[in-house]
Amino acid sequence: MRFQLLGPLSITDGCDTVVLPPSKPTILLASLLLHANTVVSVEYLQRTMWGEQQPATARAALQTCVLRLRRLFVKHGVTGAPIEAVPGGYRICAGPESLDLIGFRERVGLAAAYAHDPGSELHTLEDALSLWQGPLLANVRSDVLRRDEVPRLAEERLRTVERVCDLQLSLGRCGEALVALWGATRAHPGHERFREQLIEALYRSGRQTEALAEYRRVKAYLRSELGVDPSPALRELELAILRGDDLGRAVPALAAAVPSRPSLPVAAGRQAVPPSPSAVAVPPPPAEPGRGAVFGTAPVPDTADAPGDASRRPAPVMPRPVAVPPVGRPGDAPGGDDGSGPSATARALSAADPDGSAGRPVPGNAGGSGAPAAGAAAPASVPAGTSAPPGTPAVRRPVPGDGDARPLSPPSSRSASPAHALCGDDALLVVPVPPVPAFTGRASETAALSGRLTGREGHEAAAVVVSGAPGIGKTALARRVAHLVENRFPGGRYLVRMVRPDGVPLTAREVTAEVTAAVGEPHARGRILLVLDDVFDGDQVLPLLHARPDAAALVTSRRGLAGLIAAHGGWVQRLGPLAEDESYDLLRTVLGGERVGAEPDAARALADACCHHPLALRIVTARLLTRPALGLADCAEWLSGDPLARLSLPGSPHMSLRQVLGAALGRLDAEAARAFLRIGAHTTGGLHACDGAALLGLPLRETEDLLERLADAGLLEEGPPGPYRMHDLLRLYARGDDSPSVRPTQKV
């Protein structure tokens with residue numbers, strides 16, 4: 001049994017995780033765990049639970065909360081961490097195996113012992129950071145804890161992230177550092193050390209223009225928001241870049257070429273320059289104790305260097321430096337980058353692709369990689385806010401949902417940075433697989449998937465596909481299974497988002513580049529598990545799977561991906577709605593046994609109103625958790641009035657059933673979308689192909705093709721020889737959607 005503080009406060013036993021609902025006992029438990037193994041005074045506990053204005057019955061209420069926590073521990077089998085009443089207060093005992101905060105601090109302390117082994121120190125710190133699972137104490141509503149404890153813990157994490165990036169830079173792994181630094185600098189814009197590391201990583205990766213643009217961006221931010229100039233360290237770094245000083249070279253991260261694809265260069269717009277044998281053989285000099293190896297100090301508390309310290313100048317990482325090329329790269333338009341945006345490549349993609357279709361296969365391209373067809377001239381870069389040069393041919397791309405392609409401005413011909421230009425500043429495409437809080441149900445599917453990935457079923461599948469309708473729980477199941485089989489993948493488990501935040505699928509080449517940049521070359525870490533989430537089609541992942549013999553793949557997709565299984569081998573698990581008992585267990589796990597047990601019939605009625613659809617159930621439970629006085633029967637009655645409109649959470653598009661289904665419909669071509677809406681609006685039960693032909697007014701062969709495409713997209717179930725069926729919530733959506741772009745214009 002384990003307590004998790006580094007994220008929402010929860011209890012896990014290795015199989016199930018229970019996220020505690022916001023309540024006074026939850027605040028009490030958080031207060032005790034934050035000071036585990038020490039006596040916490042009654043006065044402090046009362047202040048964290050009620051603030052400065054405490055009720056007269058606060059002490060008695062505190063004792064009641066202690067009793068409720070003890071009952072909760074008994075219910076969940078917590079025996080190794082009892083709450084002890086001691087003179088003056090209470091105490092809870094915990095160790096690194098039972099409390100993630102202690103485990104984090106233990107790993108950070110252990111990493112300090114590897115002062116002369118940067119690789120081991122980096123691995124230990126990355127392991128420590130993997131314990132952080134989301135917003136800190138998100139379900140603990142205590143102003144005192146948020147004011148006094150959360151900032152302190154957040155600072156511990158930032159210092160660790162800072163040290164990890166220092167180590168990655170000292171080892172020449174700039175691509176890995178960039179992945180973390182893009183998010184860190186945007187989440188903490190005033191943290192100058194992160195900005196300094198990001199600029200250095202960009203420069204050492206050969207992206208001098210972007211490094212200078214980033215410096216100008218932080219300079220403008222500091223002046224406009226704080227009225228100060230950049231620190232001496234940042235100004236010194238800018239001068240080093242302008243002089244073309246050698247700060248060490250990035251280790252090539254993309255050396256493995258995708259079969260039948262041209263190899264990617266090490267840095268955008270340049271050919272890779274292989275280091276000399278002696279440069280590879282000699283490791284970088286060790287960092288001084290308490291310092292990072294390059295440009296800046298390590299994040300050691302209260303030991304920061306004075307500004308302008310001459311000792312901050314870095315030692316070269318490689319003994320034979322290679323001169324950094326000038327600002328302009330081959331293929332750049334005259335004038336280079338003006339530094340007004342994220343990067344030339346990102347601006348060009350944005351300006352040339354207003355509908356978000358960049359990265360989709362271009363007709364005539366080899367394998368849909370997004371590169372120009374053989375013999376075709378690469379179009380020039382188009383800066384934001386400008387039009388293409390005269391005479392530049394427009395590129396036509398297919399847009400899902402449109403009946404025809406339309407001309408778009410050409411994208412930049414330069415290679416985009418995997419960590420930045422492809423996904424934007426704030427989105428990371430490859431991350432450690434996060435856990436799933438309060439996962440319930442799917443026992444048989446979980447066992448089958450785990451067995452296929454580990455070989456317990458007699459055959460270890462190279463790829464396992466989890467397919468099904470939108471919101472049916474594919475990603476949650478895949479993440480759950482990934483954590484259950486972690487012992488079989490010592491190299492780590494990584495979630496790879498196959499679609500950018502704007503909804504555009506990545507190309508095969510971009511996916512391979514992202515994985516290599518984040519994970520390293522094949523066999524660099526041992527066997528790994530890739531959870532490829534929301535795969536658009538088989539061609540999107542086949543090159544990656546061929547290039548990674550060290551990886552097993554757990555693929556989620558709304559499509560069946562039969563072509564992928566035929567070409568690469570593997571196994572498919574199709575998901576449907578939850579069983580009635582599974583829906584009831586989900587409500588009981590998330591809302592608590594007391595609340596559901598008080599209204600068992602209403603809970604089952606609520607699950608029926610959600611049609612046992614996992615996303616719908618998650619939306620309803622989240623709404624109920626924020627309204628503890630709302631009865632389950634009242635909620636079920638309210639929901640049944642207009643389920644599709646009410647299955648949404650304000651401000652969360654991904655938690656709106658209507659928007660999720662609308663996005664799925666948007667991936668279809670116009671003909672298939674119209675067929676889906678017509679079938680949903682005019683059928684109530686099963687549908688055979690011959691009935692569909694009469695309904696749609698199409699020949700039987702065309703109708704069979706349409707129905708198969710809808711079934712493959714997860715919008716219909718079953719199929720030949722039996723009838724096709726549509727989930728009730730999908731049918732409601734089809735009947736209520738009035739989109740003029742896909743709604744049939746004539747009655748059947």
Side-chain angles (χ1 to χ4, degrees), residues 1-38 40 44-51 61-62 64-84 90-106 128-157 434-440 483 588-595 618 621-622 624-626 628:
M1 192 64 64
R2 181 178 178 85
F3 295 103
Q4 294 178 323
L5 267 176
L6 305 180
L9 179 57
S10 58
I11 303 174
T12 180
D13 64 356
C15 297
D16 292 315
T17 299
V18 177
V19 179
L20 301 182
S23 63
K24 295 300 186 206
T26 300
I27 298 174
L28 170 61
L29 179 58
S31 304
L32 292 172
L33 290 173
L34 285 167
H35 303 279
N37 304 314
T38 61
V40 185
Y44 176 79
L45 293 174
Q46 292 177 177
R47 191 166 66 253
T48 62
M49 296 170 69
W50 288 283
L62 172 62
T64 301
C65 289
V66 171
L67 291 175
R68 290 175 62 185
L69 274 182
R70 287 170 174 164
R71 293 194 194 105
L72 180 69
F73 287 2
V74 172
K75 175 182 176 181
H76 293 289
V78 179
T79 58
I83 298 177
E84 303 173 353
Y90 294 90
R91 176 176 58 202
I92 190 170
C93 296
E97 299 304 320
S98 58
L99 179 59
D100 57 357
L101 176 60
I102 296 178
F104 169 76
R105 289 170 173 166
E106 182 182 75
L129 288 174
S130 70
L131 296 175
W132 289 75
Q133 304 295 340
L136 197 62
L137 300 180
N139 55 338
V140 180
R141 297 176 180 173
S142 168
D143 293 338
V144 173
L145 294 182
R146 292 189 177 279
R147 182 193 66 204
D148 298 340
E149 301 295 338
V150 170
R152 177 173 59 85
L153 295 177
E155 182 62 25
E156 289 187 53
R157 180 182 178 276
V436 183
F439 185 90
T440 55
H483 278 275
R588 187 173 54 189
T589 300
V590 178
L591 300 177
E594 292 182 8
R595 190 172 184 183
R618 290 291 182 182
T621 53
L624 284 167
L625 284 174
T626 61

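In this chain, residues are counted from 1 in sequence order.
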field: Check: T26 side chain, V140 main-chain N or O, donor-acceptor pair, under 3.5 Å
entry: no

query: Is there side-chain contact between F104 and L129, with at least one heavy-atom pair below 4.5 Å?
result: yes

field: Closest non-hydrogen atom pair, L131 against G103
entry: CD1-C, 3.8 Å

Contact check, side chains of I11 and F3, non-hydrogen atoms, under 4.5 Å: yes

- prompt: Within the distance-only criterion (no hydrogens, no angle test), does the side chain of Q133 pair as donor or acceptor with the backbone N or O of S130 below 3.5 angstrom?
  reply: yes

query: Mind checking whether L33 and I92 have side chains closer than 4.5 Å, heavy atoms only?
result: yes

- prompt: Minimum heavy-atom separation for T589 to T440, with atom names?
  reply: OG1-CG2, 3.0 Å

Salt bridge (Lys or Arg N to Asp or Glu O under 4.0 Å) partners of residues 144-155, not counting sequence neighbours, each pair once: E149-R152, R152-E156, E155-R159

field: Side-chain donor/acceptor of R2 to backbone N/O of E97, under 3.5 Å
entry: yes

query: Hey, what do you get for CG (L32) to CZ (R91), rounding to the nearest 0.5 Å?
result: 11.0 Å

message: More than 12 heavy atoms of other residues, nucleotides or ligands under 6.0 Å from CZ of R105: yes or no?
response: yes

message: Between R595 (side chain only) and L624 (backbone N and O only), is there a donor and an acceptor less than 3.5 Å apart?
response: yes

query: Is it true that a side-chain atom of N139 and a backbone atom of L20 form a donor plus acceptor pair closer than 3.5 Å?
result: yes

message: So W132 and L153, do their side chains get closer than 4.5 Å, heavy atoms only?
response: yes

message: Side chains of I102 and N37, heavy atoms from C-beta outward: is any pair under 4.5 Å?
response: yes

Residue pair L136 / L6, side-chain heavy-atom distance below 4.5 Å: yes

message: Checking V66 against L28 for the side-chain contact (heavy atoms from CB on, under 4.5 Å) test, could you report, in this order, the C-alpha distance in whole Å, the side-chain angles of both residues, the deciding distance, and whether it holds?
response: CA-CA 8 Å; V66 171; L28 170 61; 3.6 Å; yes

query: Stepwise, does the side-chain contact (heavy atoms from CB on, under 4.5 Å) test hold for R618 with V590?
result: CA-CA 9 Å; R618 290 291 182 182; V590 178; 3.6 Å; yes

Validation row: L34, L137 side chains within 4.5 angstrom (heavy atoms): yes

- prompt: Taking atom CZ of R588 and atom OG1 of T621, what is their separation to the nearest 0.5 Å?
  reply: 14.5 Å

query: Any sub-3.5 Å donor-acceptor pair from S142's side-chain atoms to T48's backbone N or O?
result: yes

